[in-house]
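Following: one structure in C-alpha cells, then a few remarks.
Note that the structure is predicted; figures quoted are calculated from it, not measured.
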Amino acid sequence: AVTNRFLTSNLMLHTSEYLLEGREASNKDVARIKMAINQLDSDILLLKQGGNVAGIDLKPLPVEFLDEWKEINQKWISIKKIITANLIKLNQTSKSEKPIDNFIEIVPEAEILSLIDLSNTLITHLGKYVISNSENLLFTQRFFIVLDISVILAFMLYLGRKILRPIFA
C-alpha cells in the first residue's frame, strides 16, 4: 500500500512532465507513463493477492480490508481510463495537431490525490490491524508462559508429594 502512494505520485510526475513538454513530448515520455501505469496496476493487484516483492513474501490482503481495496481499485481504473483516453491518444496524433490542454482537464489531480488518500487510509487501517494482532499474540504468549509455569509447578508439587509420602507414612 505504501508503494501505491509512491507509484501514484510517480505517475502524476510523468504525466505532468509530458504535458509541460507539449509538442516536444516524445514516445519515451509516453513509454514512461505506460510503465508507471503498469507498475501501479501490478502493485494494486499484488496488494490484494500477495506475492513476492524484493525477496519478501507478502500475504494476501485480509478479508476485512477488501472493501477498501475495491474502492482503491475502482478509483484507479477510472483514473487509468482518463489517462489512457486523453494522454496516450494525444501522442498518437501528429505533433502539429497536439493541443496543450490544462493539466487538470486531462488528468484530474483531485482524483489522483483521492487515490493517494485512499491508500493512506488503507495503510492506517493495516497498521492498526497489525498492532492489534501483535498485542493479541503477546497476550497469548504470556498466557502460555503462565500456563507452562503452572504445569511445571504442579508437576513438581506432585513429585514432591509422591517422594515425601513414604517418609511421613
Write down the atom of Q49, the atom of P60, and the distance for their closest heavy-atom approach. O-CG, 3.4 Å
Heavy-atom check, side chain of L61 versus side chain of L126, under 4.5 Å: yes
Taken to the nearest 0.5 Å, the spacing of K75 NZ from D117 CG works out to 10.0 Å
Check the orientation of H125 and F65. Use parallel for under 30°, tilted for 30 to 60°, and perpendicular for over 60°. parallel
Measuring only between side-chain heavy atoms, which start at C-beta, is L113 closer than 4.5 Å to I116? yes
N/O donor to acceptor pairs below 3.5 angstrom from side-chain atoms of residues 136-144, sequence neighbours left out:
residue : atom : partner : partner atom : Å
N136    : ND2  : S132    : O            : 3.4
T140    : OG1  : N136    : O            : 2.8

Interatomic spacing from CG in L40 to OG in S119 - rounded to 0.5 Å: 8.0 Å
Cluster check L45, W76: I/L/V/M/F/W/Y, side chain < 4.5 angstrom: yes
Spatial distance of atom CD1 (I163) from atom CZ (R161) [nearest 0.5 Å]: 13.5 Å
Rounded to the nearest 0.5 Å, what's the gap from CD1 on I123 to CD on E68? Could you check? 11.0 Å
Considering only heavy atoms from C-beta outward, does the side chain of K48 approach that of L66 to under 4.5 Å? yes
Do you reckon L122 sits in the same ILVMFWY cluster as Y129, going by side-chain contacts under 4.5 Å, direct or chained? yes
Got a second to check how far S150's OG is from I145's CD1, nearest 0.5 Å? 11.5 Å
What's the spacing between I44 CD1 and L115 CG if we round to 0.5 Å? 5.5 Å
